[in-house]
Amino acid sequence: MDNTAITDNQKLAAEISVIAKPGKRARDYQQINLYKDVNPLDWEDWHWQIKNRITKLDEISQIIRLNPEEEEGIKNARGRLSMAITPYWATLIEPDDPSCPIRRQAVPLKHEFQVGPYEMIDPLAEDADSPAPHLVHRYPDRVLLLATEQCAMYCRHCTRRRIVGHEEHTDNSLNRWDAAIEYIRGNKKIRDVLISGGDPLLLEDEVLDSLLKKITDISHVEFLRIGTRVPVTLPQRITEGLISVFKKYSPLWMSVHFNHPKEITRRTKIACGMLSDSGIPLGSQTVLLNGINDRPYIMRKLMHELLKIRVRPYYIYQCDPVRGTQHFRTPVSVGINIMEKLRGHTSGYAVPTYVIDAPGGGGKIPISPNYILSQAKGKYVLRNYRTKIYTYLE
Ligand SMILES: *Cc1c(COP(=O)(O)O)cnc(C)c1O
Ligand code: SF4
């Protein structure tokens, strides 16, 4: 037997088990009966995390105490937006609290199968703005490439639930983006490509590498970004191998979907740190969700925690009127009030833009408290964050 190999392996296991420690926001996985014998090397292996996702009622019920609304939700979700929870995400769930924000984002409720008023299958009319398969071209200079139909964890509020989470009908052919790439190549106005999905970071390194190469080979594409939730739901995916792929395509920006301060664990911080250190600017996208992050103090805490891990808050989205998400939607006034409590009260870097993605395909429209009280020739009457009134003369 090769002694150095054993020592190296043991050393690695020891190092990895330190990385795998979740910090104060999560349970140590070894405290969960289902995972108590899992080797830290496996726990840290993203393929292991994907292979061991929780998809069944009898699995999740070993980790949390389910209520009848959840049981019914899980049964009915099969074949629609199925339940899939990474073991990592499961360690963040409060086992006895049905209102746990981590749990509510991952465990289906029976309410998902009720269609609320004004709800649609494709509220943003993305399919109507699709010039090629997997591509949405809505704005003049940029496109959205829906690179996969899979995610590490399926968010119950997902806007793209018409596309994602139907794993049995997934197209995995290597040429599936060819028409989209030809379209981008043929349209010189496109300078910005946003790769999203599903979650593009569920693609294997080599596949992602070849996709990024095909896009960056197009000379008029000058800005490339990836939309992902993996640093939050599967931080183990951010590996040295993945980073070395990204480094070849700098400048590359990334938008990460974060919804609650509890999502920012020690493990997520390590993943985001690796991305930032490799020169990838990180932004966050947050969906405003009823009972999850609809209080100004929670949203402020989230924004502060994001700055601490070098993620710049980018957007807060009004929850889209997608079928079965009524229980997640808040009135627009809730979002406006959150913006009111952020702007001026805290660092400008902690203030994202609140947007409504217009139903029917109008794109993102910024919504803000009103700071202009009146406007006449050469004169603006404004109010500040403390509602004091000021006049600006042009
Ligand atoms: C959100 C989105 C973009 C990117 O918008 P930015 O405001 O530039 O971040 C591009 N295309 C589509 C279809 C989108 O929904
Ligand atoms: S990660 Fe994004 S695309 Fe995937 S389920 Fe969540 S919201 Fe939907």
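In what follows, every heavy atom counts, from backbone to side chain, and hydrogens, waters and symmetry copies are set aside. Whatever order the structure lists them in is the order used to number ligands and atoms, beginning at 1.
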Handout entry: Criterion side chain to side chain contact (heavy atoms under 4.5 Å, CB included) on E59 and R53, from CA distance to verdict
Key = CA-CA 9 Å; E59 294 165 342; R53 282 187 305 183; over 6 Å; no

Practice task
Please state which part of R229 comes within less than 4.0 Å of ligand 2, counting heavy atoms only: side chain, backbone, both or neither.
Solution key: side chain

Practice task
Have a look at ligand 2 and work out which part of H257, if any, has a heavy atom under 4.0 Å from it: side chain, backbone, both or neither.
Solution key: side chain

If we ignore hydrogens and angles and just use 3.5 Å, is the side chain of [X] paired with the main-chain N or O of [Y] as donor and acceptor?
{"X": "Y29", "Y": "V38", "result": "yes"}
{"X": "D129", "Y": "R138", "result": "no"}
{"X": "R156", "Y": "V107", "result": "no"}

Fill in the blank from the handout: Looking only at protein heavy atoms, what sits closest to atom 8 (Fe) of ligand 2 is C158 SG, 2.3 Å

Completion exercise
protein heavy-atom neighbour closest to atom 5 (S) of ligand 2 works out as C155 N, 3.3 Å

Fill in the blank from the handout: A student checking ligand 2 against G198 at a 4.0 Å heavy-atom cut-off should list atoms 3 (S)

Practice task
Identify the residue among L92, I93, I63 that makes a side-chain contact (heavy atoms from CB on, under 4.5 Å) with R27.
Solution key: I63

Completion exercise
Check: of Y314, Y315, W253, min heavy-atom distance to atom 7 (O) of ligand 1 comes from Y315

Exercise for the section: Look at atom 13 (C) of ligand 1 and find which of L194, D129, V136 reaches it with the closest heavy atom. Expected result: V136

Exercise for the section: Answer yes or no for C151: is there an N/O/S atom below the 2.8 Å cut-off from atom 8 (Fe) of ligand 2? Expected result: no

Problem - Which of the ligand 1 atoms, numbered from 1, are nearer than 4.0 Å to a heavy atom of K364 - result: 1 (C), 2 (C), 3 (C), 4 (C), 5 (O), 14 (C), 15 (O)

Practice task
Check the pair W89, V232 against side chain to side chain contact (heavy atoms under 4.5 Å, CB included), reporting the backbone distance first and the verdict last.
Solution key: CA-CA 8 Å; W89 184 268; V232 185; 3.7 Å; yes

Problem - Min N/O separation D192 to ligand 1 under 3.5 Å - result: no

Practice task
Measure the distances from the heavy atoms of R225 to every atom of ligand 1 and state whether one is below 4.0 angstrom.
Solution key: yes

Practice task
Verify the cluster assignment for F328 and L81: are they in a single hydrophobic cluster under the rule of side-chain heavy atoms below 4.5 Å apart?
Solution key: no

Handout entry: Short N/O/S contact of H157 with atom 6 (Fe) of ligand 2 (below 2.8 Å)
Key = no

Exercise for the section: Hey, can you tell me if W48 and W43 have their rings parallel, tilted or perpendicular (30° and 60° cut-offs)? Expected result: tilted

